Amino acid sequence: MELTKGRIMSLLAFLPCLLLSFTQGREADDRSRFLYADDPSALIILEYQLHNAPSKDYSGDERKESSKRQPGAEYDEERHIKPYILKPENGPRVVQFYSPWSGHCQSYKAKYIDVAKEINLRTPLDQPEITFHAISCSVYHWVCVQNKIKGFPTIFALKANSAEPQILKDPSADEIAHAVGVKLKPLDQDYTRSQKTGDDTFRPVDILGASIDGLVRTREAVYIDAALSFTHALKTEIYSRQGYLDSSQRETFSDWIDLLYWALPPTWILHTLINDIRNNMDSVMLSEENLLYLVNKHNEVVNGKQQNWSPQCSKGTYGQGYPCGLWSLFHIVSIGVIERHRAVLGAKDQISTEFAAQTMRNYVEHFFGCESCRKYFLDMYDNCGFNHCQRFKQPKKLPPPESWNQFALWLWEVHNDVNKKVIEAESSRERVASLKQKLQQAAWPTTDVCPECKDKRGKWNIDVVLRHLKKQYWPGGVQNFRYVVLKKKESKNDEKAWRGELLENTFFVLVSVGIIIWCTKKQYVSFTGQHKKYEDFV
């Protein structure tokens with residue numbers, strides 16, 4: 001049967017739709033092969049995914065050795081994947097091998113998350129953190145074969161600096177801790193009560209940025225609150241002052257998104273929204289509708305079913321908690337500057353502590369709606385509050401490692417000062433004794449949470465405080481392997497130079513075109529003999 005032109009065009013028009021449907025189906029199928037990766041309630045579990053893994057997990061000497069053993073044989077890279085979490089160079093950890101279609105694995109998921117949360121809450125500051133991982137045997141079949149996985153789920157417990165696993169069956173928190181050589185705090189009444197009531201998100205101690213009523217958030221709750229405040233700000237704060245972004249706001253917003261892009265933990269699901277914003281930055285800064293479209297598109301993945309802040313942030317009032325979650329995001333960024341600055345390639349001038357702090361300051365100026373909060377922060381920062389003008393000075397080449405700590409410590413001091421001022425304002429009519437007691441509670445971390453954070457004279461032990469901040473605001477596992485590239489932003493001088501270069505190139509092109517036209521015309525006259533006709537006529 002002969003194909004007409006119309007039928008061919010119809011087939012060509014249908015082909016992209018077919019490819020798109022196939023791609024979307026393939027992506028959905030890939031997502032369904034993981035139990036933990038896209039679940040906001042499972043942030044405490046680190047799902048192994050090759051695109052987030054160190055390059056040495058899937059490349060190295062294996063290829064060379066394979067070619068020596070079998071010259072000319074095809075190298076199957078999948079058979080040579082060696083997850084970093086199974087290598088000795090790690091702290092104490094638990095690894096679950098599972099099949100996403102196994103009913104046992106699906107039912108065990110909630111318990112695995114719960115035991116990870118319990119261990120997180122019961123781990124003393126002087127003990128190493130136990131990290132929890134998951135490997136899908138549907139995706140990484142050969143990894144499971146090489147580790148002789150015969151049933152699902154299979155739990156490996158590995159001690160620090162060891163690759164010799166101990167297989168556990170439905171382990172409790174204490175059994176896991178014993179297997180990996182970590183001592184836990186005993187079960188207290190508060191944790192037991194939270195288990196009975198079904199609320200496993202807090203226990204009665206205080207945390208910076210939450211409240212002064214003695215509640216603490218788990219790290220998972222901290223990240224949920226931060227994500228909620230980030231999306232809330234995108235919806236309500238970015239375009240709140242006017243219907244468009246002026247040049248200063250555009251630059252600030254772009255710098256803020258870039259800062260989050262490189263400083264936040266690379267395994268955080270919030271990156272799906274951040275990356276989409278970066279890829280569509282021109283469109284997002286064109287109208288509020290375009291920004292809201294992207295936020296709503298990713299809302300279910302980023303925030304899941306959790307559409308309200310934790311009780312510690314909201315203080316029991318539904319819909320409250322935005323400033324608290326924003327502070328959490330600030331602290332996560334400040335620790336990320338320490339942990340992630342070596343992973344940035346390209347525009348190195350955008351990763352200094354001074355640039356990160358200035359970006360945060362500009363964000364507060366342009367996009368934080370609380371007027372009194374904004375005024376305090378700007379006055380404090382612009383007057384070199386807490387000596388940041390000196391503390392953030394770093395040499396351009398090889399800054400001292402300890403210099404990266406200053407941003408996180410400075411922000412901690414600022415936040416403690418904010419808590420102090422809030423209490424002073426709320427307690428202006430109360431007794432002095434009550435005020436002193438509340439001011440002591442506002443100085444976070446308290447001695448109940450971190451006894452080693454202060455010495456006997458009540459002076460802060462900065463090294464211990466920094467370790468506590470990292471434990472509270474930074475996830476476990478390897479988070480520094482994923483490199484990011486920042487493009488250098490054009491300055492005004494660059495723009496002037498670009499304009500001058502454009503004029504110069506335009507002039508050169510015009511001259512070249514003129515020469516070509518003249519030469520072409522001359523050749524044409526010579527070829528047709530019109531110059532002879534003109535001479536004969538004369």
Side-chain angles (χ1 to χ4, degrees), residues 40 43 201-202 206-213 215-242 245 249 252-253 256-257 259-260 263-264 268-270 273-274 277 284 288 291-292 294-296 298-334 336 359-378 380-381 411-412 414-419 421-423 425-426 442 444 472-473:
L43 292 175
T201 59
F202 66 91
D206 191 28
I207 182 175
L208 179 63
S211 60
I212 311 300
D213 54 9
L215 300 179
V216 67
R217 294 172 294 173
T218 62
R219 186 192 297 138
E220 181 183 16
V222 169
Y223 273 69
I224 290 174
D225 289 335
L228 282 169
S229 290
F230 175 65
T231 54
H232 178 81
L234 294 177
K235 292 179 180 179
T236 63
E237 299 277 35
I238 304 304
Y239 282 92
S240 62
R241 301 186 191 181
Q242 52 196 18
L245 300 181
Q249 290 174 323
T252 297
F253 184 72
W256 172 244
I257 295 298
L259 177 61
L260 299 180
L264 295 182
W268 194 3
I269 196 68
L270 192 63
L273 173 56
I274 293 171
I277 292 175
V284 163
E288 183 177 11
L291 176 59
L292 293 178
L294 291 184
V295 177
N296 294 329
H298 294 278
N299 186 61
E300 185 176 350
V301 173
V302 170
N303 294 320
K305 298 179 181 179
Q306 184 66 34
Q307 297 295 325
N308 193 32
W309 288 271
S310 65
Q312 301 87 330
C313 264
S314 63
K315 299 183 181 180
T317 304
Y318 185 83
Q320 301 295 319
Y322 166 60
C324 165
L326 190 62
W327 272 110
S328 299
L329 184 61
F330 286 176
H331 285 293
I332 295 170
V333 168
S334 71
T359 298
M360 188 174 290
R361 179 254 178 234
N362 293 342
Y363 178 85
V364 171
E365 177 186 10
H366 291 293
F367 302 119
F368 193 39
C370 174
E371 184 175 353
S372 59
C373 308
R374 183 171 66 247
K375 184 177 184 304
Y376 162 80
F377 195 91
L378 296 181
M380 176 276 303
Y381 189 91
L411 191 66
W412 162 69
V414 171
H415 201 163
N416 265 342
D417 189 59
V418 170
N419 283 347
K421 292 184 181 301
V422 169
I423 290 178
E426 293 178 349
W444 185 87
Q472 187 61 50
Y473 291 109

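The shown structure was predicted, so the numbers you read here are calculated from the model rather than taken from an experiment.
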Are side-chain heavy atoms of Leu329 and Ser229 found at a separation under 4.5 Å?
no
Rounded to the nearest 0.5 Å, the CG atom of Asp225 sits from the OG atom of Ser328 at a distance of 5.5 Å
Mind checking what makes side chain to side chain contact (heavy atoms under 4.5 Å, CB included) contact with Lys235, not counting sequence neighbours?
Leu292, Val295, Asn296, Asn299
Quick one: closest heavy-atom pair of Leu273 and Leu294, and the distance?
CD1-O, 3.7 Å
As an exercise, state the distance from CE of Met360 to CG of Leu411, rounded to the nearest 0.5 Å.
5.5 Å
Does the ring center of His366 lie less than 6.0 Å from the ring center of Trp256?
no
For Trp327 and Phe330, take the angle between the two ring planes, folded into 0 to 90°, and tell me which bin it lands in: parallel under 30, tilted 30 to 60, perpendicular over 60.
perpendicular
If we ignore hydrogens and angles and just use 3.5 Å, is the side chain of Thr252 paired with the main-chain N or O of Gln249 as donor and acceptor?
no
Search all heavy atoms of Phe367 against all heavy atoms of Tyr322 and return the closest pair with its distance.
O-OH, 4.4 Å
With under 30° as parallel and over 60° as perpendicular, where do the rings of Trp309 and His232 fit, or are they tilted in between?
perpendicular
Taken in chain and number order and not counting sequence neighbours, the residues that satisfy side chain to side chain contact (heavy atoms under 4.5 Å, CB included) with Glu365 are Arg361, Asn362, Leu378
Please round to the nearest 0.5 Å and tell me the distance separating atom CG of Asn303 and atom OG1 of Thr231.
4.0 Å
Could you go step by step and tell me if Trp268 and Ile274 meet the side-chain contact (heavy atoms from CB on, under 4.5 Å) rule?
CA-CA 10 Å; Trp268 194 3; Ile274 293 171; over 6 Å; no
Output the distance between atom CG (Leu228) and atom CG (Leu270), rounded to the nearest 0.5 Å.
10.0 Å
Please check this pair: side chain of Asn416 against backbone of Trp444, looking for a donor-acceptor N/O pair closer than 3.5 Å.
yes
If only side-chain N and O atoms count, and only distance matters, is there a donor-acceptor pair under 3.5 Å linking Ser314 with Asn308?
no
Please report the interatomic distance CZ(Arg219) to CD1(Ile224), rounded to the nearest 0.5 Å.
13.0 Å
Could you walk me through whether Tyr376 and Val364 satisfy the side-chain contact (heavy atoms from CB on, under 4.5 Å) test, starting with their C-alpha distance in whole Å, then the side-chain angles of each, then the deciding distance to 0.1 Å, before giving a yes or no?
CA-CA 10 Å; Tyr376 162 80; Val364 171; over 6 Å; no
Taking C-beta and beyond as the side chain, do Leu259 and Tyr363 meet within less than 4.5 Å on heavy atoms?
no
With Glu371 via side chain to side chain contact (heavy atoms under 4.5 Å, CB included) - residues at least two apart:
Arg374
I'd like to check Val302 versus Phe230 (side-chain heavy atoms, cut-off strictly below 4.5 Å). Are they in contact?
no
Counting C-beta onward and ignoring hydrogens, is there a side-chain heavy-atom pair between Ile277 and Leu234 closer than 4.5 Å?
yes
Within the side chain of Trp412, is there an N or O that forms a donor-acceptor pair under 3.5 Å with the backbone of His331?
no
